[in-house]
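Values in this document were obtained by computation on a predicted structure and should not be read as measured data. Just so you know, residue 1 is the first one in the sequence shown, and it goes up from there.
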Amino acid sequence: MFIHRGSIFNRSLSSLLRLVSRQEALCPTRHEQTRASLPHHTQEQNQSAPEIGLTVDRQMQLLLRRPDQPPDARILKVALVGVPNAGKSFLVNRLLGWRVSSVSTKMNTTRERQIYSFTSGQSQIVFLDTPGLVSPKRHGRLKLDRSMIMDPHSSIWDADCIVVVHDVSDPWAAHRLDHEVTKVLYAHPDKMSILVLNKIDKVRKKLQLLDLTRRLTDGIVHGTRSWKKLSEVRKQVDLVSVFERMDALHGLLSPGSELVVCAQRLHRRLMETRHWHEYMSLLGQLEQLVEGKSGWANFSHVLMASALHDDGVAELKDLLLQLAVPGDWMYHSSFVTDQSPQSLAEQCVREKLLDYLPHEIPYHLRLVTEYWDVQDGLLCIVITIMCRPKQFKRDSKQLLGRGGSTLKQVAMDAKQELMNMFRREVSLKLVVR
């Protein structure tokens, strides 16, 4: 498996092409019938208004449309990284002002990299929403899809800016960056990074946020030190200098030391490798160099937010627009996401299954869209939920609930979310097999 750098557009296009081929093989005239059933005003709507297509080929049209950029176009590709359940997808929804990314209280709701685009004025922000970062050992223990460990790293190669979303409500992990996040930051010291302290509404003593900021940034933001105790400087060795420079203020190693030379060589190999197994192996070596590190001293900005209450989101959006650099847009201003409409619907149903079903059951259910059509402005969807053959009795019992109450609630909640997403009336039927 190779690392594909700068391949955002190609991956989006190829995934939609595969879906089109599969669906046309099942029913060659289905898409033409769906287009014919769309209301006339829908087909001729404002060409620049953000839109999520109701068919795969409409989504492909949005993806392939020539960017309608102004002469002074600006762009910023942003990778949102963090541990599972840090609130990355919820934050994306707030930033876009559109419910497009699945959100659940359970971990690993996002299972593959998803691309979203937001355009304002001459600037376009492309968000790369990724699965939560997990270690290879935990990945194997939880039996997660391979994409859930590879996609976050692939997104970082493509990004101009890394936004670390950190959950400050977790009493066990709020005081330090996760090891996987730290390794990513040290592996890409040349990329601009922003720290977002999320879920601040759950922190009762707000003064704790200042202490957390000092810990997570090593007391340095945008190159400016906010605390200068010598004892603290000795404890917080800035290993960014291992990759870039040795600052006399807090560098306790000489530039020519064996550790520095080893780290510089490791960083160069990380930048040059194109093999995933070698890249992950090098990240493992990097963990030894940053062991004991609780923060990252190279954040350019730190923001506090509560995505749930929409606090701090406008400030983050304004900052990203300011950081956009001159360059060609990747997408037309009407483009919202690279996900197919069927995939979005399945993710929405899976989100509700995660909310209502216990233990590992929702992670092992397979969803298949059996029917998709638009009739007189009504989007009609039938999704089959496939239970595990060897666990069918247990899975179906939990899924249906007493008198089918659980399945009805899942369908009701998913329907409401789909209406918010596609901005039209939706008829949703769920079938259990």
Side-chain angles (χ1 to χ4, degrees), residues 50 74 76-105 109-110 114 116-121 123-130 132-133 155 159-171 173-178 181 184-185 191-222 224 226 295-324 336 420:
R74 305 176 71 87
L76 186 71
K77 291 172 286 184
V78 179
L80 289 100
V81 301
V83 298
N85 213 30
K88 300 181 295 298
S89 297
F90 206 135
L91 185 59
V92 166
N93 289 340
R94 290 296 194 185
L95 289 167
L96 294 175
W98 199 318
R99 193 264 181 235
V100 289
S101 187
S102 294
V103 178
S104 173
T105 55
T109 306
T110 303
Q114 300 170 0
Y116 305 102
S117 176
F118 167 77
T119 304
S120 176
S123 300
Q124 183 173 90
I125 310 298
V126 178
F127 295 102
L128 311 174
D129 188 17
T130 65
L133 287 165
S155 298
D160 304 315
C161 174
I162 302 173
V163 172
V164 176
V165 182
H166 186 72
D167 181 4
V168 297
S169 69
D170 186 344
H175 65 286
R176 63 176 296 123
L177 293 177
D178 185 83
V181 174
V184 163
L185 292 171
K191 292 185 182 292
M192 177 172 46
S193 55
I194 298 172
L195 175 63
V196 176
L197 302 182
N198 194 25
K199 305 184 184 181
I200 61 172
D201 55 296
K202 296 184 179 180
V203 179
R204 292 183 179 180
K205 298 180 179 180
K206 302 305 180 185
L207 286 177
Q208 292 180 354
L209 296 173
L210 298 178
D211 182 58
L212 284 175
T213 301
R214 284 194 294 268
R215 288 173 177 269
L216 299 174
T217 63
D218 288 351
I220 302 173
V221 178
H222 201 56
T224 302
S226 60
W296 169 244
N298 210 29
F299 285 117
S300 63
H301 298 82
V302 178
L303 291 91
M304 300 183 185
S306 170
L308 180 63
H309 297 286
D310 205 17
D311 291 336
V313 176
E315 289 78 1
L316 176 58
K317 183 188 295 186
D318 291 341
L319 174 61
L320 295 176
L321 290 171
Q322 293 172 17
L323 295 176
V336 176
N420 295 337

Close side-chain approach of [X] to [Y], heavy-atom, < 4.5 Å:
X: R215; Y: D211; value: yes
X: L96; Y: F127; value: yes
X: W296; Y: V181; value: no
X: I220; Y: T217; value: no

Which residues satisfy the salt bridge (charged side-chain N to carboxylate O under 4.0 Å, His left out) test with D310, sequence neighbours excluded? none
Is it the case that the side chain of [X] and the backbone of [Y] share a donor-acceptor pair, with hydrogens and angles ignored and the cut-off at 3.5 Å?
X: K191; Y: A159; answer: yes
X: N93; Y: V100; answer: yes
X: N298; Y: S193; answer: no

Just jot down the side chain to side chain contact (heavy atoms under 4.5 Å, CB included) partners of L308, sequence neighbours excluded, or say none. F90, D201, S306
Residues forming a side chain to side chain contact (heavy atoms under 4.5 Å, CB included) with R74, sequence neighbours excluded: Q122, S123, A324, P326
Can you see which heavy atom on A174 is nearest to which on V168, and at what distance? CB-O, 3.6 Å
If I compare all heavy atoms of K317 with all of R94, which pair ends up nearest, and what's the gap? NZ-O, 4.5 Å
K206, NZ: over 12 other non-hydrogen atoms inside 6.0 angstrom: yes
